[in-house]
Amino acid sequence: MLFETTSYLIEKFATVRNQTIALIEPLEAEDFIIQASSDVSPPKWHIAHTTWFFERMILQEYSKGYRVFHPKYNYLFNSYYNSIGAYQPRQQRGMLSRPTVEDIIAYRAYVDGQMVEFLKEERTPEDQRKIEALVEMGLQHEQQHQELILMDVKYNFFTNPLLPAYQSKSLTTDVPENAVKETSFIQFEEGLVEIGHTGDGFAFDNESPRHKTWLHPFELATRPVTNGEYLAFIEAGGYEKSEYWLSDGFATVQKEGWKAPLYWMKDDAGEWTIFTMNGVEPLRLDEPVCHVSFYEADAYSRFIGKRLPTEAEWEWASRQVDSVTKRNMMGSGTFHPVAVEESETTLASMFGNVWEWTSSAYSSYPGSKPLEGALGEYNAKFMCNQMVLRGGACVTPDDHIRETYRNFFPPDKRWLFGGFRLAGDM
């Protein structure tokens with residue numbers, strides 16, 4: 001994506017950077033350092049790392065005479081770029097009381113100021129295209145970390161016996177109670193189709209190249225699986241019956257003691273509740289089930305006699321059926337999936353609400369080539385032991401998602417906002 005004017009580029013840079021600051025405003029100073037597991041990172045680290053990205057990948061490389069804010073920050077806030085150098089171990093990010101939050105905010109202000117001055121400089125058209133592409137990558141990267149901030153804060157708060165709320169916001173929905181009916185399916189014929197990024201607009205390297213793939217006849221549910229439907233699996237003893245589970249999945253269930261999705265709890269009266277960014281709420285049966293692993297999504301699919309869609313099926317379906325519905329994404333401010341009312345001809349909630357697990361292992365597309373340099377480590381080196389999710393969630397920035405976007409996580413992870421919809425063979 002090439003920006004039309006320098007002023008537009010600067011404006012977009014400021015918008016994305018300010019959104020990150022808005023997300024951390026509800027936090028207290030003590031919240032910024034917590035790291036409740038090795039999967040999550042402290043909010044302080046996120047706001048520093050996204051700043052480091054612009055400093056290290058752009059200013060240090062292309063701004064003549066640039067002076068780094070602090071020589072140790074290259075070590076502290078590099079995430080996993082081995083080609084750049086050593087970095088603070090991920091599981092030890094929460095051990096750092098210094099630099100303080102105030103120091104990190106000063107770091108962001110310094111880099112932001114330097115970036116704006118750098119972007120105002122005149123350069124050749126070729127160099128301008130290179131810089132614009134790097135800035136766009138940095139902004140897309142920051143949007144990913146905006147989602148991670150919300151994911152990680154939620155998990156950090158859940159480990160606190162006080163179960164504090166990140167915010168106070170109504171979780172009411174426009175869908176009347178009990179309006180979500182039994183799952184219906186839309187059928188798709190077999191054929192040779194094309195998936196992957198077309199080349200227009202921004203996309204990560206793992207979304208390309210566009211390529212042909214054969215799809216057998218399949219059907220796809222018009223909406224994600226709900227809490228009420230998943231509760232039937234629990235009550236039927238689904239977590240105790242190995243026949244529904246992949247071997248690794250059932251071993252994980254036994255090891256971790258899973259009995260329900262992450263954040264589900266029972267109150268003193270024995271009723272199911274759920275921890276949200278708004279604190280503890282009653283479990284609403286019509287809402288999409290969320291915070292389940294790939295293993296749990298796969299097991300439920302077997303229990304119901306269906307399966308998860310492949311990512312090719314998901315992408316093709318999202319383009320072929322009217323899926324223009326109100327999106328519940330970061331901009332809505334709920335940070336929680338809401339009920340959706342489906343019809344027989346519409347794929348509801350394909351984008352937003354919950355990331356949808358697919359049955360596809362995360363691997364490269366035919367002819368795919370990683371980016372050159374350090375950015376080549378961004379996606380490609382994770383193409384092992386991960387499963388693909390599609391569609392975005394209620395914590396995904398509104399303009400960050402697209403049909404070809406490939407998210408990926410190990411199959412046992414649950415703190416992401418992951419749900420699923422059913423597919424079947426015809």
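Because only heavy atoms are used, hydrogens play no part in the values below, and waters and symmetry mates are left out as well, while side chains stay in. Along the sequence shown, residues carry numbers from 1.
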Pairwise side-chain contact, [X] with [Y], heavy-atom cut-off 4.5 Å (strictly under):
| X | Y | value |
| --- | --- | --- |
| N74 | V68 | no |
| L76 | W45 | no |
| N278 | Q167 | yes |
| F335 | K154 | no |
| T222 | I186 | yes |
| R327 | I401 | yes |
| E256 | D412 | no |
| Y295 | W245 | yes |

Partner of I274 under side-chain contact (heavy atoms from CB on, under 4.5 Å), chosen from M265, R284, H291, H336: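 Exactly one option meets the side-chain contact (heavy atoms from CB on, under 4.5 Å) with I274, and it is H336.
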
Can you name the nearest heavy-atom pair linking [X] to [Y], along with the distance?
| X | Y | answer |
| --- | --- | --- |
| L347 | A221 | CD2-O, 3.5 Å |
| F188 | L220 | CE1-CB, 4.1 Å |
| L231 | W264 | CD1-CZ3, 4.1 Å |
| P99 | I104 | CG-CD1, 3.6 Å |
| Q35 | V40 | NE2-O, 2.9 Å |
| P410 | W357 | O-CH2, 3.6 Å |

Show your working on salt bridge (charged side-chain N to carboxylate O under 4.0 Å, His left out) between E117 and K120 and close with a plain yes or no. CA-CA 5 Å; E117 293 305 311; K120 291 178 181 178; 3.6 Å; yes

Does the gap between the ring centers of [X] and [Y] come in under 6.0 Å?
| X | Y | answer |
| --- | --- | --- |
| F157 | Y166 | no |
| F202 | F204 | yes |
| F382 | Y80 | yes |
| F351 | W314 | yes |
| Y230 | F233 | yes |

Could you tell me whether a side-chain N or O of [X] sits under 3.5 Å from a main-chain N or O of [Y], the two making a donor and an acceptor?
| X | Y | answer |
| --- | --- | --- |
| D298 | F294 | no |
| T159 | N156 | yes |
| S332 | M329 | yes |
| S360 | V388 | no |
| D152 | P42 | no |
| H49 | F77 | yes |

Does the pair M57 and W52 meet the rule for a side chain to side chain contact (heavy atoms under 4.5 Å, CB included), with working shown? CA-CA 8 Å; M57 300 298 186; W52 168 88; 4.1 Å; yes

Show, in sequence, the C-alpha distance, side-chain angles and deciding distance for R98 and T100, and conclude whether the side chain to side chain contact (heavy atoms under 4.5 Å, CB included) test is met. CA-CA 5 Å; R98 306 296 175 94; T100 65; 3.4 Å; yes

Looking at [atom1] of [X] and [atom2] of [Y], how far apart are the two atoms once the value is rounded to the nearest 0.5 Å?
| X | Y | atom1 | atom2 | value |
| --- | --- | --- | --- | --- |
| D31 | N160 | CG | CG | 9.0 Å |
| N328 | S349 | CG | OG | 7.5 Å |
| S293 | L416 | OG | CG | 9.5 Å |
| L389 | R406 | CG | CZ | 11.5 Å |
| M115 | F54 | CE | CZ | 5.5 Å |
| R90 | S37 | CZ | OG | 8.0 Å |

Are R307 and E313 within salt-bridge range, i.e. N to O under 4.0 Å?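 Judged by the 4.0 Å cut-off on N to carboxylate O distance, R307 and E313 do form a salt bridge.
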
Is R319 salt-bridged to E315, cutoff N-O under 4.0 Å?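 Counted as a salt bridge, because a side-chain N and a carboxylate O are separated by less than 4.0 Å.
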
Answer yes or no: does atom [atom1] of [X] have more than 12 heavy-atom neighbours from other residues, nucleotides or ligands under 6.0 Å?
| X | atom1 | value |
| --- | --- | --- |
| N385 | CG | no |
| K381 | NZ | yes |
| E189 | CD | no |

Checking T50 against Q146 for the side chain to side chain contact (heavy atoms under 4.5 Å, CB included) test, could you report, in this order, the C-alpha distance in whole Å, the side-chain angles of both residues, the deciding distance, and whether it holds? CA-CA 9 Å; T50 50; Q146 290 170 357; over 6 Å; no

In sequence, state the C-alpha distance, the side-chain angles, and the governing distance for T20 and E142, and then conclude on side chain to side chain donor-acceptor pair (under 3.5 Å). CA-CA 8 Å; T20 302; E142 179 137 357; 2.6 Å; yes

Just to verify, which of R390, H197, H400 counts as forming a side chain to side chain donor-acceptor pair (under 3.5 Å) with Y405?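 Option passing the side chain to side chain donor-acceptor pair (under 3.5 Å) with Y405: H400.
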
Verify side chain to side chain contact (heavy atoms under 4.5 Å, CB included) between I149 and V153, making sure each step is shown before the conclusion. CA-CA 6 Å; I149 287 171; V153 166; 4.2 Å; yes

Parallel, tilted or perpendicular: which one describes the rings of Y73 and H70, with boundaries at 30° and 60°?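 The arrangement is parallel - the two ring planes meet at less than 30°.
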
Measure from NZ or CZ of K306 to the centre of the six-membered ring of F185, then state whether that distance is under 6.0 Å and the direction lies within 45° of the axis.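 Geometry flag: set, cation within 6.0 Å and 45°.
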
Side chain to side chain donor-acceptor pair (under 3.5 Å) involving N206 - partner list, sequence neighbours excluded: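 Only Y362 meet the side chain to side chain donor-acceptor pair (under 3.5 Å) criterion with N206.
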
Not counting sequence neighbours, which residues clear salt bridge (Lys or Arg N to Asp or Glu O under 4.0 Å) with E147? List them please.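 Salt bridge (Lys or Arg N to Asp or Glu O under 4.0 Å) list for E147, sorted by chain: empty.
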
Do you see a donor-acceptor pair shorter than 3.5 Å between the side chains of E55 and Y66?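 A donor-acceptor contact under 3.5 Å links the two side chains.
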
Can a side-chain donor-acceptor contact be found between T183 and E229 if the only test is distance below 3.5 angstrom?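 Checked: E229/T183 side chains pair up, N/O donor to acceptor below 3.5 Å.
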
Ring pair (Phe, Tyr, Trp, His ring centres under 6.0 Å) with F118: which residues, sequence neighbours excluded?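 With sequence neighbours excluded, F118 shows a ring pair (Phe, Tyr, Trp, His ring centres under 6.0 Å) to no residue whatsoever.
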
Just do the side chain to side chain donor-acceptor pair (under 3.5 Å) check on T404 and E207 with the steps written out, would you? CA-CA 6 Å; T404 59; E207 300 173 51; 2.6 Å; yes

Partner of W415 under ring pair (Phe, Tyr, Trp, His ring centres under 6.0 Å), chosen from F409, Y263, F275: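 Answer after filtering F409, Y263, F275: F409.
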
